[in-house]
Amino acid sequence: MNEIDPRLFRYIWRYSRRDQLVILVLILLQLPFFFATLELPKRIVNEGIQGGAFRDGQLTANLLSFSIDLPDFLGGWSVPVFSGFLFNQLHYLLVLSGIFLLLTLINGWFRYEINLRKGVLGERMMRRLRFDLFATLLCFRPEDIRTVKPAEVASMIKDEVEPIGGFIGDAFVQPAMLGTQALTALAFIMIQSLWLGLMAGGIVAVQAVIIPYLRKEQLRLGRERQLASRELAGRIGEIVDAAPAVLSHGVREYSHAEISQRLSVLFNIRVALYNRKFAVKFLNALLSQITPFFFYSIGGYLALKGSLDIGQLVAVIAAYRELPAPVKELIDWDQQAADVSIKYEQIVSQFSPTRRLASLNSAPVDLPSVNQPIQFDDVRVADGRGAVMLESMNARIARPGTVALVGAAGSGRDSLARILGQQISGYRGKVTCGATDFAQMSSESLGRLVGYVGPEPYLINATIRQNILFSLQRHGGQEAFDPKDRDAREAKRAGLPYWRKDNDWLDYTSVGDEEVLDLDSAVIAALRLAGGADEVYFLGLEGPLDIDLDHALEARIVAARASTRARLETSGLSKLITFFDPDGFNRNASIAENLLFGLPIGDRLANNDLCADRYVRSILEAEALVDPLINIGLRMAEFTIDMFSSLPPGGAIVERMSFIRAADMPDFRMMVETAQAPQGRSHLTYVWRFKLVALALGYCEARHRLGLVDDVLVERILRARRSFSHFLPANYARYIEFYRPDRVIRGAPLRDNLLFGRVNGSVANAERRVAAFLSDVLRETGLEDEILRIGLSTPCGQSGRLLTPTLRHAVNLARSLVKRPQILVYEAGYIAPNAHEKVAGLARALPATTIFVSLDEGTDAATYSTIMRFEGARLQQVTQPGGNAQGMDLEQASG
Amino acid sequence: MLTREVEVLQKAPLFRKLPAGRIKLLAYAGELMTYEAGDYLFRHGDPSDAAYTIFDGDVEATIPGPEEDVVVGQFGAGEVVGEVGVFTGNPRSVSIRARTRTNVLRIPSEVLTDLIHDCPACAASITAFMAGLVERLIDRVSVASHH
């Protein structure tokens, strides 16, 4: 990645030369046509209307004849190429006008083409600029990037670049187009009449000189105003923050005075600004209006004298119309160029790291062999202000092994861990492993060599699986360029990488040696080692089964269902479960759930919309459920009004418990009042009945306990359940998964599928007991890995917010483990409680890996093969519990 | 409608003096839960997120001892446990464990705090109950110190 050119115009020209040149050629090609549109009105007036071509009583005149005339010094011959057509005066006029129309169309097409190309060019360059900025950001050294504010940088790349992109298309094209147009028009006027031309030129020149001058002051005032208002806002904020102090010291008057003064400054700037602004406007208007005055008077005089014909005068006036606009736009362009250049320079200067990481395309280095020791030679770290973080140290750490970095938080132990983990690259001295110098390796090669687990897990908003495999996404860029791929073509044109995000980016070589790899097994293995498998197992139990489940797995799940049921009965846990019983009413489920007896897929049959569906309504009507449901709805509404209307809205109880939203309350009150009147039922409107039924469908006896469901209703609902599935239209099949003992319920959790029922939420700890019970069943049926696979698809949320802190850390660790690094740096005080066991486990599972663990002072580190003790920034001692101390080296280094 | 819950709540000393409407509200807003013998309703140090009215069964309060948990009290049907933590906002000072199969009405803390905020009569009645509790405690402490 090259550094971004600090100068805007150079940057634009370097990367868009070809496109700019094409547009410039188009502009030049357009000029003759533009000139002709100026010229033609003159001929239309003179020859067509005034009859100049039909002088001396000619009835017809020749048009469109074309000949090549040689100048006099070449003999002055005229070679006719095309003899043209003869027309009478009316036809002559019409043909000329037709040509004028044609020219207008041609000019229009040119403008369209130029503008389109200009727009695309600007967008393409903006894409490149954004990408360059982003890529530069990832070239920052880790210690620098940590000082960058994410929101600021994101807004720079997204918003602040936008006006620059808009300008890039105009940068060269606009002055070329406007300039040539203005010059053409001016030249045309000059050809018609030198005097008029000089006059127009003079006025334009005045415009071009005076207006920018006046405007400069206007801009300065504008900036001053912006600064002053920003200060005002800052000051108000400050005073509000300090309000308690202001009040307690009784200095309100002073604050008033200060703000009033600032407001007065703002006012004065605004007044000065208005003076300027409207003066400029006035001058602009005056200059563009005064020229036609000269044209009419002087041009008219010349025409009367005969030195200018009417056609020319009309054409000059028409041509002048083309002048002020380009000049004004040129002035604007100049202003914009200055503004945008400053903006660009500001942005680019933010993206100019003092030191950069090695660029992306540096060739991958061969990794050292796993038993070559790590050598630290005179390694020293200072922070940005020169404070020493790690005093000069020398050490030689044998590999593989486990290394304890013991010291206080913030001591040299952290600096050392971060050097190894690529979190600090600005260190002095050398860290080598055999012939490999860490500082010379690209971040990609180091990423293969070292796994760094920091205290702060950075999880992306994706599934657990994607988060763990994140560390292996190194291999997507080897794809050949496909010229037929439009996006790839465009990316290449903008100078960006053209490979795609959805390629297979994974670097399988790190995962293992097997030829056909089951990635999920590798991920699960890493997760088990990291200690997150149990939690993922629970997530998997609750995670929905894939809609496109394969048949083999489906059969296994259905088969496991029967044995699960039998074992539940014998273990006495079956009372914790409400089984799906096709002939039984489930009091733990809502009326709607009992009616559907299946899992709604999508929104169509989901609770809120259920009753809006025509088929559902027809079943309710056919099974005479509408009236009983309206009754239930009314009872619920009465209860809610009775219970909640005296409570202030917005309280926790109302929010959580009320059947009816506060906004709908008056409506339901009206329904209840109407229904309570004699014969009131018949006055309930269709919409009301509909709302009451919808309310009733959400009623759950076990939860709401209002005693509204009796045996008669249960019978009817069960009958409606049977007709609902029996008559279900074919196109509804995809909206529901019925609970059938011999079929898997897609979209429902595996747990519910195995139990063929739901855990009863009102029994304490039921979920945990059932999960523990299921883990035995699953192990026997070999479905345990399936559960983990489903669990791996759990989304982590923004920054892993949806996971527990423990699981976040486990995923972070698993991410480093899955790539089986030669060196694992575990900088994480939180593993403390069982750190030694965990590290021992890791060392057993990854025998070739050298594990560095940072431990707090006073921790017993006897089980480690090497211990490095730090006192503040100083490496105090390196001991090998099995071998001898490296005291000598240290004396030398710190002396 | 909620008759059994209302009956039990009306007998509970903490809620006895609440207006009938509010008792019904508590009955509705609460959650019926079943605990098997040996299950914990909550443990020492847990966040205090609910009070429990015991419908039937027995529970015991324990505090962590040097060797094993020490039983410090027993509660039965009609009694309320866990309410003090809800009002103080502090983590649980004791663990509560079911001695037999126990049915309870679990009342979430925000329901109780809302109740106090919105209903002065409720606030007064609950304050009176808590004050009585403190009084009894002081008596016990002074009796103990005399011994």
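Just so it is clear, the model here is predicted, and its values are computed rather than measured. Chain letters run A, B, ... following the sequence lines, proteins first, then strands; residues in each count from 1.
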Checklist line | Summary of ring pair (Phe, Tyr, Trp, His ring centres under 6.0 Å) pairs that have at least one residue in residues 12-42 of chain B, sequence neighbours excluded | finding: Phe639(A)-Tyr28(B), Phe659(A)-Tyr28(B), Phe42(B)-Tyr52(B)
Item checked: Residues that Phe597(A) engages under ring-ring contact (aromatic ring centres under 6.0 Å, His included), provided they are two or more places apart -> Tyr739(A)
Item checked: Heavy-atom contact with chain A under 4.5 Å, split by part of Arg106(B) -> neither
Notebook entry, point to check: Which heavy-atom pair separates His704(A) from Leu2(B) by the least distance, and what is that distance?
Noted result: O-CD2, 3.9 Å
Check: Among Leu41(B), Leu32(B), Val104(B), Thr113(B), which residue forms the greatest number of heavy-atom pairs with chain A at distances under 4.5 Å?
Finding: Leu32(B)
Checklist line | Engaged part of Arg769(A) at the chain B interface, taking heavy atoms whose separation is under 4.5 Å | finding: side chain
Note to self: If I measure from the heavy atoms of chain B, does Asn760(A) come under 4.5 Å with its side chain, its backbone, both, or neither?
What the structure shows: neither
Notebook entry, point to check: For the atom pair CG (Leu105(B)) and CZ (Arg705(A)), what is the distance rounded to the nearest 0.5 Å?
Noted result: 6.0 Å
Check: At what distance, to the nearest 0.5 angstrom, does CG of Leu576(A) lie from CD of Glu36(B)?
Finding: 7.0 Å
Margin query: Walk me through whether Arg22(B) and Met643(A) qualify under side chain to side chain contact (heavy atoms under 4.5 Å, CB included).
Written below: CA-CA 8 Å; Arg22(B) 302 297 162 149; Met643(A) 190 106 300; over 6 Å; no
